[in-house]
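Below, chains carry the letters A, B, ... as their sequence lines are ordered, and counting in each starts from 1. These numbers come from a predicted model, not from an experiment.
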2 protein chains.
Amino acid sequence: MTSRTPAGETPTGVVRADGLRSPVGHADVPARPGREIPEATVARLPVYLRALTALVDGGTATCSSEELAGAAGVNSAKLRKDLSYLGSYGTRGVGYDVDYLRYQIAREIGLTHDWPVVIVGIGNLGHALANYSGFRSRGFRVVALLDAATTRHEELVAGLEVRPFDELEDIVGTQSVAIGVIATPAVAAQDVADRMVAAGITSILNFAPTVLSVPDGVDVRKVDLSIELQILAYHEQRKTGQLPTEGASA
Amino acid sequence: MTSRTPAGETPTGVVRADGLRSPVGHADVPARPGREIPEATVARLPVYLRALTALVDGGTATCSSEELAGAAGVNSAKLRKDLSYLGSYGTRGVGYDVDYLRYQIAREIGLTHDWPVVIVGIGNLGHALANYSGFRSRGFRVVALLDAATTRHEELVAGLEVRPFDELEDIVGTQSVAIGVIATPAVAAQDVADRMVAAGITSILNFAPTVLSVPDGVDVRKVDLSIELQILAYHEQRKTGQLPTEGASA
DNA sequence: AGCTGTGAACAAATTCACAGCA
DNA sequence: TGCTGTGAATTTGTTCACAGCT
């Protein structure tokens, strides 16, 4: 590494078995001088984190870029390049300290503290999301479930009461919620997004199959379940050379 | 267009109000001579399709690249470039016939016929997926719900009986299933994938938070709900400059 | 005149290949 | 010696800007 300085991070005393959720005595955000991390790399950091957690759980203390890349499903050159944007956290000739690297990535993503999250739209998918343990275990805390349908109010989902959508502003304000999840039908999604933005939410995860428009400064990521299937169908169609069920409606 | 030939496609008599699901009398798969469609473009085609369907539903017969791009959330140059890989389906000086273009994209993706799909793992998420109307409406037909837990068998979900996982091979064989969806816990996912591949499935949509290894020729796409949140958290952390809830556990 | 379709310029991401350190 | 970290080369994707058709 030549010009980048990992800044404010001395690689000593930081590694702890449970280091991720326990604040230690140093700045929690890298605030790297210049360097911006490429989007493609950012999208893979959570994958590396997951792989590292699996290695920790399996009792592995050290790993090479080759091993970690295997566990994450990428090639080792890409892994090393990605990690190089964060800093120089490995040891030449040896590899990476699994727990140390895991902490560094978690910190970079911002998972060393909890993120309160609201979910709007408690249908089938909202239910599944509310119950998804992967959120909680990665630092996301669902603080409220909201739904416009009065019939669902007071219903208990994942230990939380479903509350009226109108309480959104209140909850976002009092609990400092920055991230909202939309799991409503498509027609409602833009309205929900507008209300979220007005309430102060600046990051939205959208499961509704519709394009949201939001002001600058608000991030939207979308997950469209049927889009993924359609991409598979496209490739499937090429593979089989021809149509798999042509006219075969029987 | 200079060298590409849309092959076997005369742009006449193909447009129909409900054209998508009704086989018309011509080859259903493009089988374009040379041209391969870039992955990034393939990933956007379903978005265009959705936007076009919305336009059709809204009664729009013709649209410009600018309008369609707006509805799809991309810029018009990208849209035109993407469409150019499929062929020359617009009219200079005019725009695109919404319904005709929609049919062409659906055909390219392979949505002009139905794809039978099995879902394995009928927990919260499996439930949500089984009930998701977006699958059926886009040409995916859920033919079976499988779960290893005997306690769930015979339960009715979305009008289908939950059946033992062991019936996988049977169902895949008799119904010519090419696409499988995994919604099991992470530990079970690789086993399920292996069985799917052995049974003849060649495309897998994986919701379990784990990396699957499959032989060449099998496509896997993954959806990890918590990864999307983590990416948002990363950007959120940069936006707020500093940590949103540092130590503020009260 | 207006809008598509597309080469050419540009930018981002990936892969290669090896210098440099433990 | 063996592995990381990284410039350079390559590939992939995006944007520009305009020729060419309606």
Side-chain angles (χ1 to χ4, degrees), chain A residues 1-6 9 11 32 34-45 47-48 52 55 60-98 100-101 104-105 108 231, chain B residues 1-6 9 11 32 34-45 47-48 52 55 60-98 100-101 104-105 108 231:
Chain A
M1 206 179 38
T2 46
S3 58
R4 264 174 303 103
T5 13
E9 194 57 61
R32 203 166 310 295
R35 289 302 83 198
E36 211 46 43
I37 299 179
E39 261 311 297
T41 296
V42 170
R44 282 187 295 265
L45 292 180
V47 179
Y48 301 152
L52 286 165
L55 288 175
T60 307
T62 297
C63 69
S64 65
S65 65
E66 201 70 53
E67 291 172 281
L68 180 53
V74 302
N75 68 51
S76 62
K78 195 189 280 184
L79 172 79
R80 287 200 303 279
K81 185 61 120 181
D82 283 342
L83 294 184
S84 79
Y85 293 115
L86 311 192
S88 209
Y89 296 135
T91 310
R92 288 167 205 240
V94 178
Y96 301 93
D97 179 301
V98 171
Y100 178 57
L101 180 57
Q104 295 301 339
I105 293 178
E108 191 72 38
I231 297 169
Chain B
M1 206 180 33
T2 46
S3 57
R4 262 172 307 101
T5 13
E9 194 57 64
R32 202 166 309 297
R35 289 303 82 198
E36 210 47 40
I37 299 180
E39 262 311 299
T41 296
V42 170
R44 282 187 295 265
L45 292 181
V47 179
Y48 302 152
L52 286 165
L55 288 176
T60 307
T62 297
C63 69
S64 65
S65 65
E66 201 69 54
E67 289 171 283
L68 180 53
V74 302
N75 68 51
S76 63
K78 195 188 279 184
L79 172 79
R80 287 200 306 276
K81 183 62 118 180
D82 283 342
L83 294 184
S84 79
Y85 294 114
L86 311 193
S88 209
Y89 296 135
T91 309
R92 290 170 202 238
V94 178
Y96 302 93
D97 179 301
V98 172
Y100 177 57
L101 181 58
Q104 294 302 339
I105 293 179
E108 192 72 39
I231 297 170

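Residue A:Leu101 comes nearest to A:Leu68 through the heavy atom pair CD2-CD2, 3.8 Å, listed as atom of the first residue, atom of the second, then distance. Summarising the geometry of B:Ile105 relative to B:Tyr48, their closest heavy-atom pair is CD1-CB, 3.9 Å, with the distance given to 0.1 Å.
Side-chain contact between B:Leu83 and B:Tyr96 is present, with at least one heavy-atom pair separated by less than 4.5 Å. Taking 4.5 Å as the limit, every side-chain heavy atom of A:Leu55 sits out of range of all side-chain heavy atoms of A:Glu67. A 4.5 Å side-chain heavy-atom check between B:Thr91 and B:Thr62 finds every atom pair outside the cut-off.
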statement: Per-nt protein contacts along nucleotides 14-22 of chain C (heavy atom under 4.0 Å; B base, S backbone sugar-phosphate only, - none) come out as SB-B-BBBS
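Here A:Ala69 pairs with A:Val74, A:Ser76, A:Leu79 under the side-chain contact (heavy atoms from CB on, under 4.5 Å) rule; sequence neighbours left out.
Rounded to whole Å, the distance from CG on B:Leu79 to C1' on D:dT15 is 14 Å.
Sequence neighbours left out, the pairs with a member in residues 75-85 of chain B that pass salt bridge (charged side-chain N to carboxylate O under 4.0 Å, His left out) are B:Arg44-B:Asp82.
If you take CG on B:Leu45 and CD on B:Glu108, they are separated by 7.0 Å, rounding to the nearest 0.5 Å.
Shown for residues 61-68 of chain B: no residue has heavy atoms falling under 4.0 angstrom of DNA chain D.
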